[in-house]
Amino acid sequence: MSPVRVRFAPSPTGFFHIGSARTALFNWLYARHTGGTFILRIEDTDQARDSEEFLRLIYDSLTWLGMDWDEGPNANGIGERGDYGPYRQSQRADVYKLYLEQLQNAGRAYEKDGAIWFKQLGERYTVFDEHRKKEVEKVKSDPVVIDDKIRGRVERAEDEDFVIFRSDGNPVFHFVNVVDDIEMKVTHIIRGEDHLSNTSKHIRLYEGFGVTLPAFAHLPLILKSPGMGQGKMSKRDKGALIEEYRQRHFLPEALVNYLALLGWNPGDDREKMPLAETVRLFDLPAINQSNAKFDSKKLAHMNMVYLLEQPADRFVALAADYFSKQPGGAAALADGAYFREIMLLAQPKIKSIDELAAYTAYFFAEDFPMDEKVRAKVLGKGDPKARLHELMAALPAMDFASDAAIESAIKLLAEGNGLGFGDYQAVARLAVTGTNAGPSITSIFRVLGRDRTLARLLRFAAVA
RNA sequence: GUCCCUAUCGUCUAGCCUGGUCCAGGACACUACCCUUUCACGGUAAGAACCGGGGUUCGAAUCCCCGUGGGGACGCCA
């Protein structure tokens, strides 16, 4: 058995979406599992739609997700690697010319309407195609048998000639895809099920070139989320773009973990697992045959689980990176020690990094918003104003050294008035943060410091 | 319309290959309760599925067939 060589072959014609990422991931996982080679090949044969910006997005997205390629084009200064380059189809015209000549010499290519067509072998007949609303010529030939690693044996009987070179002289996907897979010695073609019906064309091409077939594995598709319509997920769907998760500062390892579980599982109940473990267990036969709907809530949960276990330093670094990209975020970063304390308070509370700005806003500004509903609720219960004044009176003498010290001071105050901690907690939180959600009030007091806490209590008491 | 793939809780799925251990297990979501100093986390509990019909068999979620549902392809896009 020759060493595994797989490839991910995107075209830079649009944003990098979740389906592409999953295809890339499964190829990457299979390469790493088998100790094989992961090739990145850019299929930029559509001059009208290709763009350098989208090309960069492919490199950046793969890198962000942690999928390194062993062979591939010169990307972001990495330099071209591999012995079968160039790895951009726009630079491989001479190779395609050679393969075309081979087909022409064998009588398997002909010209029509300025384009070059691949000629199928077999009995020809015409039929009216309801879908295309025109007569088409079909070829009755020996059935093509696809031995699919995921689906088993798939058989297709009908063929049609198809274009391999456009009238503008550029080769078409089916042709270049097969030629490069041959040239680059790809052993396993792992791609979405939407290509399953193309595969018979591709197999005919392999036969035309007289080479042996690679193994095929057609992945189930990722469908729209429940309630978001029918069909496969498209670039236009909410949550479909990798870029979106990157901008929202999702953890790439969480996204990768979620994506790995969309159509594959380790065979037991584990869901959150280290990448190395996924690599160890991943294999083609374990991949599901049916499509899966995308569930952003489950992804969000996975992200939270990963966030929770981040070491303090990494979490603070992630938070700092996030704030640095927020409007006005620089102010929050001004005091590093203060920033760190706040972020660590927030870490166990949030589901994703992009909640941080709103969740911690009151630490960084005095003009934080007041939640009117919460205000009405808190002020409508007991005698919060009295509690507020008792607290303000006690504050100057309070020990702010630790959460525990603040807690016992407030408890002492409460006991003295025949009350409980909770009687002070709600109104103090409202006065100091404007809301009813957040870290413990003692830690907020401590981090804010006595002066700022007292000032906020005073200000609130004045208008309450 | 033609061809191809597919079918277990709302969703992701285990179980199916090698029929009995499954009145079907886990996770997300939802609900309730517990924990609690708010909000989360966490814990416990509840509800929730073998698409339908035929067969094969002592026995079918598991094997076969037919329906139906879902998905894909049918471009001088990839």
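Per chain, numbering begins at 1; letters A, B, ... match sequence-line order. What you see is a predicted model; the values in this text were computed from it and never measured.
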(Q) With ring pair (Phe, Tyr, Trp, His ring centres under 6.0 Å) as the rule and sequence neighbours excluded, what pairs involving residues 136-157 of chain A come up? (A) none
**Q.** Residues which pass side-chain contact (heavy atoms from CB on, under 4.5 Å) with A:Ala292, listed by chain and number, not counting sequence neighbours
**A.** A:Leu262
Q. Can a side chain N or O of A:Asn198 be found less than 4.0 Å away from OP1 or OP2 on B:A73?
A. no
Q.
Tell me whether the rings of A:Phe282 and A:Trp264 are parallel (<30°), tilted (30 to 60°) or perpendicular (>60°).
A. tilted
Distances for protein N or O near nucleotides 25-36 of chain B N or O, under 3.5 Å:
unit_1 : atom_1 : unit_2   : atom_2 : d
B:G26  : N2     : A:Glu271 : OE2    : 3.2
B:A27  : O2'    : A:Glu271 : OE1    : 2.4
B:A27  : O2'    : A:Lys298 : NZ     : 3.2
B:A27  : N3     : A:Lys298 : NZ     : 2.9
B:C28  : OP1    : A:His301 : NE2    : 3.3
B:C28  : O2'    : A:Lys298 : N      : 3.4

Q: Determine: side-chain N/O of A:Asn288 to OP1/OP2 of B:C12, distance under 4.0 Å, yes or no.
A: no
Q) Counting any heavy atom closer than 4.0 Å, what does A:Arg49 reach on the DNA or RNA strands: base, sugar-phosphate only, or nothing? A) base
Q: Mind listing the residues from residues 432-439 of chain A sitting with a heavy atom below 4.0 Å of RNA chain B? Number order is fine.
A: A:Asn436, A:Ala437, A:Gly438, A:Pro439
Q. Hey, does the Lys NZ or Arg CZ of A:Lys149 hover above the aromatic six-ring of A:Phe216, less than 6.0 Å from the centre and inside 45° of the axis?
A. no
Q | Any residue of residues 220-235 of chain A with a heavy atom less than 4.0 Å from an atom of RNA chain B | A | A:Leu221, A:Pro226, A:Gln230, A:Gly231, A:Lys232
Q. Does a side-chain N or O from A:Ser200 land closer than 4.0 Å to OP1 or OP2 of B:C4, or not?
A. no
Q) Restricting to pairs with a member in residues 150-182 of chain A, which pass ring pair (Phe, Tyr, Trp, His ring centres under 6.0 Å), not counting sequence neighbours? A) A:Phe118-A:Phe162, A:Phe162-A:His174, A:Phe165-A:Phe175, A:Phe173-A:His195, A:Phe173-A:His202, A:His174-A:His202
Q: Please check if the distance between the ring centroids of A:Tyr322 and A:His249 is under 6.0 Å.
A: yes
Q.
Tell me if B:C41 is syn or anti. Syn = glycosidic torsion within 90° of 0, anti otherwise.
A. syn
Q: May I ask you to verify if any side-chain N or O of A:Gln425 is less than 4.0 angstrom from the OP1 or OP2 atom of B:U38?
A: no
Q) ring-ring contact (aromatic ring centres under 6.0 Å, His included) with A:Tyr87: which residues, sequence neighbours excluded? A) none
Q.
Under 4.0 Å, counting only non-hydrogen atoms across every strand here, what does A:Arg151 touch: a base, just sugar-phosphate, or nothing?
A. sugar-phosphate
Q. For A:Arg49, which residues count as a side-chain contact (heavy atoms from CB on, under 4.5 Å) partner, sequence neighbours excluded?
A. A:Thr13, A:Asp46
Q: Only counting residues at least two apart or in another chain, list the ones meeting side-chain hydrogen bond (donor to acceptor under 3.5 Å, both in side chains) with A:Lys298.
A: A:Glu271
Q: Enumerate the residues from residues 170-179 of chain A whose closest heavy atom to RNA chain B is under 4.0 Å, giving them by residue number; use none for an empty result.
A: A:Val172, A:Phe173, A:His174
Set out, line by line, the N/O atom pairs under 3.5 Å between protein and nucleotides 1-3 of chain B.
unit_1 : atom_1 : unit_2   : atom_2 : d
B:C3   : O2'    : A:Arg156 : NH1    : 3.3

(Q) Mind checking if A:Gly192 touches a base, just sugar-phosphate, or nothing, with heavy atoms under 4.0 Å? (A) nothing
Q: For this output row, return yes or no: ring centroids of A:Phe339 and A:Phe323 closer than 6.0 angstrom.
A: yes
Q. On a plain distance test, is the side chain of A:Thr13 in donor-acceptor contact with the base of B:C77 below 3.5 Å?
A. no
Review item, nucleotides 63-69 of chain B N/O atoms under 3.5 Å of protein N/O:
none

